[in-house]
Amino acid sequence: MTHFRSKRLSRPRRGKVVAAVLGLVAALSLGAIGDAQAAPSARAVPAADRWTDRPHGFASLAGGTTGGAGGKVVTVTDQAALAKYAAAEEPYVIRVEGALEMDPFGTEIPVASDKTIIGVSDTAEIVHGGFTLDPGTHNVIIRNLTIRDTAIEGNWDCKDTDYDGIRLDTAHHVWIDHIRFSRICDGQLDIRKDSEYVTVSYNRFTNNNKTFGIGWTPNVRTQITVDHNWFTGTKQRNPSADNCAYAHLYNNYLSSQLSDGDPVWTYGNWSRGKTKMVIENSFYDGVQHPYQADATAELVQRGSILRNTTGRHDAWGAAFDPREFYAYRLDPAAAVPALVKRFSGPQKRIGGPVELRVPAAYPTVQSAVDAVPDGNDTPVTIAVAPGTYREKVYIPASKPHLALRGTGRDRSDTVIVFDTPAEYGGSTGSATVRIAANDVTARNLTFSNDFDEAAHELKGEQALAMKTTGDRIVFEDTAFLGNQDTLMTDSPKLTTLSRVYVRDSYIEGDVDFVYGRAATVIERSVIRALSRGSDTNNGYITAASTWKGNPYGFLITKSKIVSDAPAGTFHLGRPWHPGGEPDAIAQVLIRDTQLPAAVKSSPWTDMSGFSWKDARFTECRNHGPGAGVTADRPQMSDAAARTHTVAYYLEGTDDWAPYARHH
């Protein structure tokens, strides 16, 4: 847009950006704060919690395990979709929703490298099947699922079938977490053939014979961490570790062991072959042979509680020191039953909406946006801590379903600000924040462009705080600070419908500071028309460029316009025809709104040779010292007003109703 230059006294600078943290965590981090208890160690222990999506233990070493982080996020509700994405070559975060029944019975879905498979809430299930990771597969996370019911009545030893819940063959960097295994024939979890860098945590193993086996080669290569798992109603392999280089078992709970009187093959943990095993602070209740070791193996046990146990309690050799490999939290053994009962197996809070924290996990707002995979189909919240973030932010069309949320007590606590004028990069390039994606929400934030007009003499002094081109954009309890062109709500092209809903917010500026062609509702908000020091013309509130085929442009309703400008010096708006486009016929309705004395008695005016009388400018039931009814102030009839409400402006063809929770 080309306008005459406005002059306004500069605002104080907002300050520097909040200090950045050291690095980025994996994309799609849940990052909740847990009830961590420090381990008794002189080394620094990470404050990991029971919900984190970052693996610990051996899976965190040698490059770590990130699963499908950075890949596309998809939600599957059937076997075909799960199999398709699990086998894909590229990274995926695969969200499993509901119960998926495998057909034929016993089907094991092959999982390729760089995948996260995660259940949504605690109701996602794989029924009559499981997963397999073939040789060479690496960087896989499987979390928050129930895997159940491949057992066959009368086939307790599974001699005629080999249906595993999850099987790894020569895989590496795998994390199995918050899974409930039940009634699987053969193994609930089989980690075989020299698989390496594996962590198995917070799982619930129930109702099984051959539960959890590790090894099956003469090589001594596997490194595995097994912690906070509950084994209940299981007979053997809880786990059995054969020829593991390092097996670290801690804070596990073994209870209600299923016993058929077998004196040998009913047992808890077994260090077999040349395994080096360390057991710490576990709890064994009513277990035969709670821990045992071959003469060729080593087993160190410390801090565990044994109640009503019988049989072998072997411990010999030095094994290894897990803290030489990684830091970890060690819960007291007495607390293990309650902790594991509460936190093992699928959890409602895992796999749901994702939250990325700024600056706790991401140093800038833009870095958090960048971490969201293209094409994500799950809601992602970027939670921004109080502070001033001096940066420009761009949300591309490929990243829908985002929410920007300030976490301070007031929207003024969290400010995203920059100071680019249109002279450097054009009007679009000046925007502090640009939203091109659909389905984006911002709450409890301030967006500012603090370019200092008074200190510069430029041809292009437009300086946007916000520009949107996406559809279904919501701003609640937000502030937009600027001078010329503060808030632009637009669409990708003239005939494309985009909708924006602004509620309980604050907008300030002087020249055309609410403008564009999106269908835009501003409700229950304060609009501040800033004085530019003129006794005759201090500016224009709106500059709509609505497509002539769209009956709905700007609706300002149940709001309050305020101004420190002299009486009779501010326009309500003028018609903007970008590039002289004749089909951009502005539509603006201001209704049920308080107007200040600064509003002109003839509040609409021409622009660039286009008459305001050819536009669709109306008022309806406004009040205040700036309200009035004259020949130059068209009033909408009551009949027409019935179809010019918030609902009509926003509903489109999909009945979008972001206002519903307020009305």
Salt bridge (charged side-chain N to carboxylate O under 4.0 Å, His left out) filter on D471, not counting sequence neighbours, yields R499
Testing the 3.5 Å rule here: is there a donor-acceptor pair between the side chains of R148 and S182?
no
task = Would you sort out whether S491 and T469 count as a side chain to side chain donor-acceptor pair (under 3.5 Å), showing the intermediate values?
result = CA-CA 4 Å; S491 67; T469 53; over 6 Å; no
From the list I395, I435, T441, side-chain contact (heavy atoms from CB on, under 4.5 Å) with L402 holds only for I395
Notebook entry, point to check: Passes side chain to side chain donor-acceptor pair (under 3.5 Å), S344 versus R204? Steps please.
Noted result: CA-CA 6 Å; S344 68; R204 187 172 295 191; 3.2 Å; yes
Backbone N/O of E125 and side chain of T146: donor-acceptor pair under 3.5 Å = no
Please check: side-chain N/O of D504 versus main-chain N/O of D477, any donor-acceptor pairing under 3.5 Å? no
Between I117 and A86 the two heavy atoms that sit nearest each other are CD1-CB, 4.4 Å
In N252, N203, D331, the residue satisfying side-chain hydrogen bond (donor to acceptor under 3.5 Å, both in side chains) with H228 is D331
- Message: Any side-chain to backbone donor/acceptor pair from T225 onto T199? Under 3.5 Å, distance only.
- Response: no
Side chain to side chain contact (heavy atoms under 4.5 Å, CB included) assessment of L481 paired with T446
CA-CA 8 Å; L481 309 181; T446 292; 3.7 Å; yes
All heavy atoms of N449 vs all of T420, minimum pair found to be ND2-O, 3.0 Å
Test your reading of the model: is there a side-chain donor-acceptor pair from S430 to the backbone of S427, 3.5 Å cut-off?
yes
message = Any donor-acceptor pair under 3.5 Å linking the side-chain atoms of Y85 with those of E90?
response = no
Quick check against the 3.5 Å criterion: does K399 have a side-chain atom that pairs as donor or acceptor with the backbone of V372?
yes
query = Yes or no on side chain to side chain contact (heavy atoms under 4.5 Å, CB included) for N144 and D122, after CA distance, side-chain angles and deciding distance?
reply = CA-CA 7 Å; N144 211 52; D122 60 351; 5.6 Å; no
K115 side chain to S113 backbone, donor-acceptor under 3.5 Å
yes
| If only atom types and distance count, is the side chain of T381 paired as donor or acceptor with the main-chain N or O of A383 below 3.5 Å? | no
Looking only at heavy atoms, the pair that brings P421 and A463 closest together is CA-CB, 4.3 Å
- Mind checking whether H138 and H173 have ring centres under 6.0 Å apart? no
Parallel, tilted or perpendicular for H56 and W175, by the 30°/60° rule? perpendicular
- Within the 6.0 Å centroid threshold, strictly below: H248 and F325: no
* **Side chain K392, main chain G429, donor-acceptor under 3.5 Å** => yes
When R503, R405, H662 are each screened for side-chain hydrogen bond (donor to acceptor under 3.5 Å, both in side chains) with E476, the one that passes is H662
Please state whether the rings of Y326 and F58 are parallel, tilted or perpendicular, taking 30° and 60° as the class boundaries.
perpendicular
Given I507 and F513, is the side chain to side chain contact (heavy atoms under 4.5 Å, CB included) satisfied, shown in steps? CA-CA 8 Å; I507 308 166; F513 62 96; 4.0 Å; yes
In short, V393 meets Q366 closest at the heavy-atom pair CA-OE1, 3.1 Å
What do the steps show when you test N281 against N251 for side chain to side chain donor-acceptor pair (under 3.5 Å), and what is the final call?
CA-CA 5 Å; N281 287 25; N251 288 149; 5.6 Å; no
Nearest heavy-atom approach of Y197 to Q223 is N-OE1, 3.1 Å
Separation between CZ (F181) and CG (L145), nearest 0.5 Å, reads 9.0 Å
Task: Test item: N376 side-chain N/O and K72 main-chain N/O as donor-acceptor pair under 3.5 Å - done: no
Closest heavy-atom pair, I191 versus S195, reported as atoms and distance to 0.1 Å, is CG2-CB, 3.8 Å
One should read off an interatomic distance between S525 OG and Y506 OH, to the nearest 0.5 angstrom, of 12.0 Å
If only atom types and distance count, is the side chain of S60 paired as donor or acceptor with the main-chain N or O of G57 below 3.5 Å?
-> yes
